[in-house]
There are 2 protein chains.
Amino acid sequence: MKYIDKLRNSGLRPTKQRLQICKILFDVEKTFHFTINELDQKIKKQIGNKISLATIYNTVHAFEKKGYLKQIPINSNQAYFDTNVTDHHHFYDLKDEKLIDLENSDVGPINILKKINGKKIKSVEVLVKLED
Amino acid sequence: MKYIDKLRNSGLRPTKQRLQICKILFDVEKTFHFTINELDQKIKKQIGNKISLATIYNTVHAFEKKGYLKQIPINSNQAYFDTNVTDHHHFYDLKDEKLIDLENSDVGPINILKKINGKKIKSVEVLVKLED
DNA sequence: CACCTTTTTAGAATCATTATAAAGTAGATC
DNA sequence: GATCTACTTTATAATGATTCTAAAAAGGTG
């Protein structure tokens, strides 16, 4: 029920596929990071059936637009998404290609002094790359 | 001469193509941001002749590895490189898809409190996304 | 010059992502 | 619940950046 309302309130029809993806993404204790490919695997394993890749892309992008997911800026050959949409940062382990959350309190306040005319700040993201 | 030495000192043979790319990347007052595609265009325009795309990729990656370039972490369909390898940060204008330098002094010190066992910090990069 | 290694190159291959357009479904209206 | 319309899903093709391949070219050393 909760996801039906969530989707309806965002102007997204609560289709079977979207509800299944919601279940996988949001029906867990902890937030997590994923790629489209990893999500596809998870759907196959947990739901049994398969959802078309195009639908997965569509849904993830729709959720991102609605603010239910965010994309994490890293140089990778594929896009990483985060179910934690609160203001926080990341470690990126270059060797394992894994992301680790960095709480805001682990970084401290960041005050951007420079201003750009006519533009406003949408987000401030810190990426800390790790090596061995 | 200076680029010949620079390349030799890094264990890279100073080939015609590498020297031409050095000229374009480092023979200018200001540092700048570029994509492979933009670099390719610039080579065609400034040098006249064409360097194979594969060579441009190879060279840029070699220079990155040697620390003469760095890649900027943003979510884009293509990789952005920076000729400024000093410790600094970026604005990313989401509308224009343009990068703007953010000096360290415009951000202030960032102290990462969290430690990850067995890993050390290679870089700390701040990306500030801008919207209208 | 002769030799060996590194580099360049065109073109093919790869792989994530996006577009297409046909079939299916949700939700409103009667 | 039948009907209609707009929104979704889907398989598949298309795109586009990047990487691979393997043959030709060039650098460097003796």
Side-chain angles (χ1 to χ4, degrees), chain A residues 1 3-24 33-44 47-66 68-81 97, chain B residues 1 3-24 33-44 47-66 68-81 97:
Chain A
M1 277 304 104
Y3 295 130
I4 293 182
D5 293 342
K6 180 175 182 154
L7 291 170
R8 277 231 179 77
N9 292 337
S10 336
L12 297 171
R13 284 188 183 170
T15 64
K16 190 180 64 171
Q17 291 84 345
R18 283 176 180 161
L19 289 169
Q20 290 178 333
I21 292 175
C22 275
K23 222 181 171 77
I24 288 177
H33 311 123
F34 65 92
T35 63
I36 295 289
N37 205 47
E38 288 166 357
L39 179 55
D40 186 37
Q41 298 302 314
K42 212 167 218 174
I43 290 168
K44 277 212 272 289
I47 310 287
N49 64 340
K50 175 166 176 26
I51 296 177
S52 163
L53 251 191
T55 301
I56 298 175
Y57 273 100
N58 287 342
T59 302
V60 166
H61 288 150
F63 286 4
E64 186 190 6
K65 197 178 221 169
K66 297 300 179 185
Y68 302 145
L69 290 175
K70 67 177 185 185
Q71 204 174 337
I72 304 168
I74 42 175
N75 302 127
S76 170
N77 48 334
Q78 55 200 317
Y80 275 84
F81 294 89
E97 298 185 339
Chain B
M1 276 304 106
Y3 295 129
I4 293 183
D5 294 342
K6 180 175 182 154
L7 290 170
R8 276 231 180 77
N9 292 338
S10 336
L12 297 171
R13 286 188 181 169
T15 64
K16 189 181 63 168
Q17 291 83 347
R18 283 175 181 162
L19 289 169
Q20 291 179 331
I21 292 174
C22 275
K23 223 181 172 74
I24 288 178
H33 311 123
F34 65 93
T35 63
I36 294 289
N37 205 46
E38 288 165 357
L39 179 55
D40 186 37
Q41 299 301 315
K42 213 168 216 170
I43 291 167
K44 277 211 273 288
I47 310 288
N49 65 340
K50 176 170 177 22
I51 297 177
S52 162
L53 251 189
T55 301
I56 299 176
Y57 273 101
N58 288 342
T59 303
V60 166
H61 288 148
F63 286 3
E64 185 190 6
K65 199 178 217 167
K66 297 300 178 184
Y68 302 145
L69 290 174
K70 66 177 185 183
Q71 204 175 338
I72 304 167
I74 41 174
N75 303 127
S76 170
N77 49 332
Q78 55 201 321
Y80 275 83
F81 295 89
E97 297 185 341

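These values consider heavy atoms only, across backbone and side chains, with no hydrogens, waters or symmetry-generated copies. Residue numbers begin at 1 in each chain, while the letters A, B, ... track the order of the sequences.
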Asks: Measure the distance from NZ on A:Lys65 to C1' on D:dC7 and round it to the nearest whole Å.
Replies: 14 Å
Asks: Return the value, rounded to whole Å, for the distance between atom CG of A:Leu7 and atom P of D:dC7.
Replies: 16 Å
Asks: Figure out the CD/P separation between B:Gln71 and D:dA17, and round it to whole Å.
Replies: 15 Å
Asks: Need one value for A:Thr15: base, sugar-phosphate or nothing, where a base atom within 4.0 Å counts as base even if backbone is also close, heavy atoms only.
Replies: sugar-phosphate
Asks: Side chain of A:Tyr57: nearest nucleotide among D:dT18, C:dA26, C:dA16?
Replies: C:dA16
Asks: Is B:Lys42 positioned over the aromatic face of B:Phe34, cation under 6.0 angstrom from the ring centre and no more than 45 degrees off axis?
Replies: no
Asks: How many whole angstroms separate atom CG of A:Asn37 from atom P of C:dT14?
Replies: 17 Å
Asks: When you measure from the side chain of B:Arg18 to the backbone of B:Arg13, do you find a donor-acceptor pair of N or O atoms at a distance under 3.5 Å?
Replies: yes
Asks: Identify which nucleotide among D:dT12, D:dT9, D:dG28 has an atom closest to any side-chain atom of A:Ala54, counting heavy atoms from C-beta outward.
Replies: D:dT12
Asks: If you check every side-chain atom of B:Gln78, which of D:dA17, C:dA26, C:dT8 has the closest atom?
Replies: D:dA17
Asks: For C:dG27, does OP1 or OP2 lie under 4.0 Å from any side-chain N or O of A:Arg8?
Replies: yes
Asks: Counting only side-chain N and O atoms of A:His61, is one of them less than 4.0 Å from OP1 or OP2 of C:dT17?
Replies: no
Asks: So which one's nearest nucleotide on DNA chain C is more toward 5', A:Ile36 or B:Thr55?
Replies: B:Thr55
Asks: Picking from D:dT18, C:dA16, C:dT7, which would you name as closest to the side chain of B:Leu53?
Replies: D:dT18
Asks: Using a cut-off of strictly less than 4.0 Å, decide whether B:Gln17 has a side-chain nitrogen or oxygen near OP1 or OP2 of C:dT9.
Replies: yes
Asks: Grab the CG-P distance between B:Asn75 and C:dT17 for me, whole Å please.
Replies: 10 Å
Asks: Can you identify which nucleotide, out of C:dT9, D:dT10, D:dT9, has its nearest atom closest to the A:Ser52 side chain?
Replies: D:dT10
Asks: Counting only side-chain heavy atoms from C-beta out, which of D:dT8, C:dG27, D:dA26 sits nearest to B:Arg13?
Replies: D:dA26
